[in-house]
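Notes follow the structure.
What you are looking at is a predicted structure, and each value in this text was computed from that prediction instead of being measured. For ligands, and for the atoms within them, numbers begin at 1 and follow the listed sequence. One is the number of the first residue; the rest follow in order along the sequence.
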Amino acid sequence: MSAYPTTSREIRLASRPFGWPVPGNFRLSESAVPPLADGEILVRNLAMSVDPYMRGRMNDVKSYRPPFALDAVLDGGAVGEVIASRSERRREGDVVVHGLGWREYAVVAATATKKVDTSLARPSAFLGALGMTGLTAYAGLTRVAAFAPGDTVFVSAAAGAVGSLAGQLARVLGAERVIGSAGSAAKAAHLRELGFDAAFNYHDGPARDLLADVLGPGRGIDVYFDNVGGEQLEAAISLANPFGRIALCGAISAYNATAAPHGPRNLASAIGKQLTLRGFLVTAHQDLAGEFAEKMAGWLAAGQIRFDETVVHGLENAPAAFIDLLRGANTGKMVIQLQW
Ligand code: NDP
């Protein structure tokens with residue numbers, strides 16, 4: 001049994017970023033760990049997630065999630081081991097996913113945690129392929145974009161956490177062709193290793209030209225899994241087949257923008273082509289979590305889907321890892337390992 005810790009280190013939002021976040025926007029602090037109330041558990045976090053959506057929560061604007069409070073401890077996905085419990089739902093030794101990351105120890109209501117089976121994969125996988133990230137890819141592709149076997153699928157930020165899974169899912173589910181874009185030649189090469197049929201580095205020229213090039217003359221896309229918005233969304237609308245479907249998952253190209261972001265300027269062509277553009281939040285698709293978890297565990301065990309992690313060690317390095325994520329330093333899921 002681990003001793004009850006007296007203090008926990010944590011990361012606070014010291015100031016709100018304007019444009020790109022900088023290390024000075026974050027502050028490392030240490031606080032007393034309170035005793036547990038009835039129904040609560042104490043979790044020693046093993047790993048925590050940094051995610052692009054957190055950038056939006058650093059702005060003081062109304063959105064689908066409330067902004068982070070200034071000088072408060074940040075929060076987000078984490079996985080950890082229960083080291084004390086005042087709930088019948090969780091025992092010491094259970095490994096749980098919960099929402100109080102950015103800290104070493106979390107006092108959390110047992111009802112706000114999900115127990116995970118670490119015989120399936122290492123704990124951090126439940127923040128990525130077997131967690132919210134994987135469900136985003138699955139729900140976005142199969143429900144929101146209404147993927148059907150034989151579709152030609154384009155995925156942006158395809159070497160990232162959601163994108164790499166969305167592309168591989170399309171492959172496993174019978175896509176005609178899967179095309180990915182990413183921010184370097186090395187990432188594009190990696191996508192081909194993951195089973196994408198074609199990939200391009202979006203820095204190599206106008207997105208429409210690069211996408212048209214890999215598609216070949218007269219060929220279009222049926223599904224676009226959009227992680228980035230802007231120029232690549234415009235390119236996908238331009239090269240979509242009639243009745244094409246676009247899942248609007250993220251718009252990372254605009255998350256640090258200080259001026260009006262790029263396009264799409266060709267939205268009107270969605271009318272003639274009768275396209276569907278549908279935004280979504282993974283939180284609205286939790287009903288798919290059960291079927292997703294079962295299928296994904298099978299695909300991972302069979303080696304049909306692979307997932308990468310870019311691992312950064314230490315809570316104190318989490319802010320830099322978050323900033324690096326926004327700049328594309330990661331391949332697959334960016335994970336902060338807190339215990340190793
Ligand atoms: P990723 O692992 O994909 O990391 C972000 C990636 O974005 C970077 O690695 C970088 O890769 C790429 N990127 C950064 N700037 C740009 C740019 N200007 N243009 C194109 N690509 C860029 O993160 P996630 O997989 O966690 O998230 C992917 C997207 O999905 C995000 O937009 C996120 O907000 C969204 N999301 C949405 C959810 C929902 O419920 N709707 C849930 C989870 C995520 P590169 O080197 O290729 O540039």
### Summary
Ranking Val144, Ile252, Leu191, Leu135 by closest non-hydrogen atom to atom 5 (C) of ligand 1, top hit is Ile252

### Task
Specify whether His285 and Phe280 have parallel, tilted or perpendicular ring planes, treating 30° as the upper limit for parallel and 60° as the lower limit for perpendicular.
perpendicular

### Message
Strictly below 4.0 Å, N to O, side chains only: are Arg57 and Asp75 in salt-bridge contact?
### Response
yes

### Task
Look at the side chain of Glu104 and the backbone N and O of Leu315, then say whether any donor-acceptor pair between them is shorter than 3.5 Å.
no

### Message
Testing the 3.5 Å rule here: is there a donor-acceptor pair between the side chains of Gln232 and Tyr224?
### Response
no

### Message
Please confirm whether Ala251 approaches ligand 1 to less than 4.0 Å, judged on its heavy atoms.
### Response
yes

### Residue of the set Ser164, Ser124, Ser49 for which side chain to side chain donor-acceptor pair (under 3.5 Å) holds with Lys333
Ser49

### Query
At a 4.0 Å threshold, what atoms of ligand 1 neighbour a non-hydrogen atom of Leu326?
14 (C), 15 (N)

#### Entry: Nearest-contact summary for atom 9 (O) of ligand 1 - protein heavy atom, Å
Asn330 OD1, 2.6 Å

### Task
Under 4.0 Å, heavy atoms only, figure out whether ligand 1 is touched by the backbone of Leu325, its side chain, both or neither.
both

### Message
Quick check against the 3.5 Å criterion: does Asp197 have a side-chain atom that pairs as donor or acceptor with the backbone of Val178?
### Response
yes

### Message
Taking 4.0 Å as the limit for heavy-atom contacts, which would you say applies to Thr136 with ligand 1: side chain only, backbone only, both, or neither?
### Response
side chain

### Query
To which protein heavy atom is atom 10 (C) of ligand 1 closest, and what is the distance rounded to 0.1 Å?
Gly328 CA, 3.4 Å

### Message
Could you tell me, atom by atom, which parts of ligand 1 come under 4.0 Å of a heavy atom of Ala161?
### Response
1 (P), 2 (O), 3 (O), 25 (O)

#### Entry: Atoms in ligand 1 with a heavy atom of Ala182 nearer than 4.0 Å
47 (O)

### Query
If you measure from the Lys or Arg side-chain nitrogens to the Asp or Glu carboxylate oxygens, is any gap between Arg278 and Asp226 under 4.0 Å?
no

### Task
Would you check if the side chain of Glu231 reaches a backbone N or O of Ala207 as a donor-acceptor pair within less than 3.5 Å?
yes

### Message
Against ligand 1, does Ala159 come closer than 4.0 Å with any heavy atom?
### Response
no

### Arg12-Ser31 side chain donor-acceptor pair, cut-off 3.5 Å
yes

### Summary
Asn227 heavy atoms within 4.0 Å reach ligand 1 at atoms 28 (C), 29 (C), 30 (O), 31 (C), 32 (O)

### Task
Could you establish whether Leu281 and ligand 1 come within less than 4.0 Å of each other, counting only heavy atoms on the residue side?
yes

### Message
Could you tell me, atom by atom, which parts of ligand 1 come under 4.0 Å of a heavy atom of Gly332?
### Response
2 (O)

#### Entry: Contact check, Gly140 vs ligand 1, heavy-atom distance below 4.0 Å
no

### Query
Between the candidates Lys187, His262, His203, which shows the shortest non-hydrogen contact distance to atom 46 (O) of ligand 1?
Lys187

#### Entry: Spatial distance of atom CZ (Arg103) from atom CG (Leu338) [nearest 0.5 Å]
11.5 Å

### Task
Please confirm whether Phe280 comes within less than 3.5 Å of ligand 1 when only nitrogen or oxygen atoms on both sides are compared.
yes

### Query
Which option, Tyr64, Tyr255, Tyr53, owns the non-hydrogen atom nearest atom 34 (O) of ligand 1?
Tyr255

#### Entry: Mode of Arg327 contact toward ligand 1 - side chain, backbone, both, neither (heavy atoms, under 4.0 Å)
neither

## Note on the structure
heavy-atom search around atom 25 (O) of ligand 1 in the protein gives Val162 N, 2.7 Å

### Query
Which of the atoms in ligand 1, numbered in the order shown and given with their element, are less than 4.0 Å from a heavy-atom of Val282?
39 (C), 40 (O)

### Task
Record the part of Val228 in heavy-atom contact with ligand 1 below 4.0 Å; permitted values are side chain, backbone, both and neither.
side chain

### Query
Which option out of Ala139, Gly183, Ala284 puts a heavy atom nearest to atom 47 (O) of ligand 1?
Gly183

### Task
Indicate yes or no: does Arg265 engage Glu234 in a salt bridge with an N to O separation below 4.0 Å.
yes

#### Entry: Per-atom contacts of ligand 1 with Tyr202, taking only distances under 4.0 Å to non-hydrogen atoms
16 (C), 17 (C), 19 (N), 20 (C), 21 (N), 22 (C), 45 (P), 47 (O), 48 (O)

#### Entry: Contact check, side chains of Ser181 and Leu210, non-hydrogen atoms, under 4.5 Å
no

### Task
Measure from atom 37 (C) of ligand 1 to every heavy atom in Ser164, Ala257, Cys249, Gly180 and give the option owning the shortest one.
Cys249

### Query
Side chains of Arg90 and Thr113: is there a donor and an acceptor less than 3.5 Å apart?
yes

### Task
Could you tell me whether Asp94 and Lys115 have a side-chain N and a carboxylate O separated by less than 4.0 Å?
yes

### Query
Which is closest to atom 24 (P) of ligand 1 by heavy-atom distance: Pro52, Gly160, Ala254?
Pro52

### Query
Do Asp324 and Asn330 touch side chain to side chain, with heavy atoms closer than 4.5 Å?
no

### Query
Do the rings of Phe322 and Phe26 sit parallel, tilted or perpendicular, given the 30° and 60° boundaries?
perpendicular

### Query
Hey, is ligand 1 close enough to Gln232 that some N/O pair sits below 3.5 Å?
no

### Task
Enumerate the atoms of ligand 1 whose separation from the nearest heavy atom of Gly250 is less than 4.0 angstrom.
32 (O), 35 (C)

